[in-house]
There are 2 protein chains.
Amino acid sequence: MVATIYDVARAAGVSPSTVSRSLSVPDLVNAETRLRVQQIAAELGYRPNRAARGLITGRTGNIGLIVTDLSNPFFPEVVKGVQGRARESDYSVLLADTGEDPTVEVGLIRALCKQVDGIVLCSSRMSETDLRGVTGDTLTVLLNRRVSKVPAVTIDNADGIRQAVAHLQALGHHRVGYVAGPRTSWSNRERLRGLRAATTPAGLDLVEVGAVAPTFAGGVAAADLVLSAGVTAVIAYNDLIALGLLNRFRAKNVSVPGDISVIGVDDIMFSEMVSPSLTTLAQPKEQLGRVGVDLLLQLLQDADPSGAARRTVTSQLVIRSSTGTAPPAR
Amino acid sequence: MVATIYDVARAAGVSPSTVSRSLSVPDLVNAETRLRVQQIAAELGYRPNRAARGLITGRTGNIGLIVTDLSNPFFPEVVKGVQGRARESDYSVLLADTGEDPTVEVGLIRALCKQVDGIVLCSSRMSETDLRGVTGDTLTVLLNRRVSKVPAVTIDNADGIRQAVAHLQALGHHRVGYVAGPRTSWSNRERLRGLRAATTPAGLDLVEVGAVAPTFAGGVAAADLVLSAGVTAVIAYNDLIALGLLNRFRAKNVSVPGDISVIGVDDIMFSEMVSPSLTTLAQPKEQLGRVGVDLLLQLLQDADPSGAARRTVTSQLVIRSSTGTAPPAR
DNA sequence: TTGAAAGCGGTACCAG
DNA sequence: CTGGTACCGCTTTCAA
């Protein structure tokens with residue numbers, strides 16, 4: 001078996017309490033003793049048993065992370081952020097993937113909540129009722145969703161959307177399509193709202209197409225609808241959908257951006273790999289994860305002041321299509 | 001606070017022991033009592049504290065998963081497999097990402113090993129010495145790597161590679177390039193070995209180019225080397241590199257497959273999104289993760305018989321380029 | 001079949 | 001500043 005605190009205590013000729021203190025609250029212990037204990041602990045390769053510690057402190061040192069679909073390159077980046085920030089504070093991350101299924105989501109949260117100090121819930125597709133039911137049990141930070149009284153980190157899409165719309169308008173587009181993502185997605189609603197707010201005063205027509213699955217296949221499926229909508233530009237819920245559009249457009253010999261302009265959201269790695277590369281609204285994915293953990297850890301310390309802690313990070317338009325995105329002459 | 005076993009015991013008018021038994025070893029308890037206990041437990045929303053249980057049983061119910069780089073779409077799929085299989089057996093997954101840094105890897109394993117029953121280590125870049133040092137502490141299953149005396153699940157690339165080479169030969173290629181991945185990668189060595197074994201008897205020339213980082217940028221960087229190597233076809237260590245090649249080739253107006261054929265490995269989602277889509281050696285990513293957990297859980301029960309449990313899953317060539325891949329007339 | 005009691009490995013409180 | 005002791009929530013002998 002591995003070394004316990006008792007082994008260290010015996011070897012150092014002190015009590016277990018002193019070992020515990022030397023390691024977790026070094027200031028409360030004589031410098032000399034502490035040093036000796038720490039050295040012996042190192043020699044013995046002692047590592048505290050977090051389960052045992054958690055039992056008494058009530059802290060597990062774990063945080064739960066639940067994401068919608070790891071196959072969407074958006075999420076791995078968030079996971080990296082979460083995991084990186086967690087590690088900095090010596091927390092471990094329990095990860096689970098719901099596969100876009102809200103039922104699974106509820107179950108996972110239930111299963112996780114006893115083994116973590118808090119949960120980071122990314123792009124939850126749960127109903128608000130369910131959500132509120134679960135957030136009562138464990139400290140939860142929402143990513144990409146806002147629900148009253150629940151701490152959340154969201155991305156301010158409004159300004160980015162505005163930039164995208166302005167960009168399209170500057171290029172002379174008058175009629176813009178939006179390929180909607182899942183109705184249960186808060187981001188989707190938010191983006192739609194932003195689009196309305198940006199297009200209406202500018203005198204642009206906005207045509208909603210969809211909703212489709214937030215996947216490549218979803219984009220492929222939406223492409224023909226887009227073409228029949230009589231728009232010269234289209235903004236997709238996310239890059240995967242945008243890539244699907246691009247793919248189908250190419251198959252149908254619809255030139256991008258010659259015949260139609262396409263803008264995605266997320267700035268996943270692959271949006272710059274296609275040719276012509278995809279103009280997209282970059283989301284600070286890793287940062288989103290980091291800030292989420294930041295907030296969670298802070299809440300864990302401050303014992304949740306008002307119950308409505310909020311953080312916002314901002315998105316930014318990345319214009320990539322080297323060829324420009326003017327509407328076709330008609 | 002949440003309900004403990006004592007709350008349930010009191011409410012049911014039995015002892016904590018009985019509650020414990022009713023829930024974990026139902027057979028040892030009177031049917032009537034058991035039913036009552038179970039019902040009350042459900043009513044109270046009782047969930048066992050795994051940390052407390054782990055303290056006594058020595059089992060945490062967690063498995064650690066360490067991957068090289070979550071940004072490579074290969075890994076999220078493996079994670080999904082691991083996590084899915086783990087959940088089926090009521091295990092949770094602690095995930096960590098090393099960012100291709102072996103030093104981080106060692107640290108992570110050390111940090112994780114006390115809180116998990118076993119570790120799934122995917123595509124480890126550690127030296128064999130370090131690896132052996134760590135695998136002593138905790139039950140470890142290697143994915144995509146083989147080291148004597150350590151349980152492992154690997155993908156049999158040999159047959160897939162053979163298919164790929166045969167495919168190229170059938171199309172008339174005589175000189176094939178290989179863009180190597182990290183030297184520390186077992187898969188890289190394995191693929192190279194497979195390539196040599198397949199090309200030599202067939203009388204094909206094999207030119208090694210690289211090693212480069214297993215990323216899009218790595219592929220971009222390798223593209224010119226490939227062009228100067230005088231090959232008519234190239235196989236890349238992975239799809240990301242292959243996509244990088246494709247990108248750079250396009251920028252230089254090198255036609256694929258007109259001027260050069262490209263084959264990748266992994267079959268990541270995006271290899272079918274580009275045009276022309278990438279021919280690739282599909283790796284059973286999710287299955288790899290599942291089988292890894294399978295093996296780990298089995299080893300956890302059987303107390304490790306010989307110490308060299310092995311599993312293999314197989315890869316398969318996916319031919320995608322609709323336009324064919326004949327070498328250019330010279 | 002059930003209950004009492006002893007820990008698992010730590011931490012925290014209280015004396016000394 | 002240090003040691004003794006109780007106890008976190010659960011499982012597991014050992015008796016009854």
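For the numbers below, each heavy atom of this structure counts, side chains included, while hydrogens, waters and symmetry mates do not.
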*asked:* If you apply the rule side-chain contact (heavy atoms from CB on, under 4.5 Å), what do you find for A:L95 with A:V79, and how did you get there?
replied: CA-CA 8 Å; A:L95 176 75; A:V79 173; 4.1 Å; yes
_Derivation of the side-chain contact (heavy atoms from CB on, under 4.5 Å) call for A:N30 and A:R36_ = CA-CA 10 Å; A:N30 181 305; A:R36 185 159 43 93; over 6 Å; no
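Ion pairing between a basic and an acidic side chain is recognised when a charged N comes within 4.0 Å of a carboxylate O; B:R290 and B:E286 show no such pairing. Salt-bridge check for B:D69 with A:K80: passed, with a basic side-chain N closer than 4.0 Å to an acidic carboxylate O.
In this structure, B:L23 places its CG atom 16 Å from P of D:dG9, rounding to the nearest Å. To the nearest angstrom, P of D:dC10 lies 6 Å from CG of B:N49. As rounded to whole Å, 7 Å separates atom P of D:dG9 from atom CG of A:L55. Taking atom CG of B:D7 as the reference point, atom C1' of D:dG9 lies 11 Å away to the nearest angstrom. Here the C1' atom of nucleotide D:dC1 and the CZ atom of A:R36 are 13 Å apart, to the nearest Å. B:R10 places its CZ atom 14 Å from the P atom of C:dG3, with the value rounded to the nearest Å. Between A:R47 atom CZ and C:dC8 atom C1' the separation is 20 Å, expressed in whole Å.
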*Nucleic acid footprint by protein, nucleotides 11-16 of chain D - heavy-atom cut-off 4.0 Å, B for base, S for sugar-phosphate alone*: BBB---
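Close to C:dT1, at under 4.0 Å from its OP1 or OP2, lies no side-chain N or O of B:T33.
Checking A:L296, A:L297, A:L300 one by one against A:S89, the side chain to side chain contact (heavy atoms under 4.5 Å, CB included) holds for a single residue, A:L297.
For the atom pair A:I109 CD1 and A:T138 OG1, the distance stands at 8.5 Å (nearest 0.5 Å).
At a threshold of 4.0 angstrom between heavy atoms, the contacts of B:R59 with the nucleic acid are absent.
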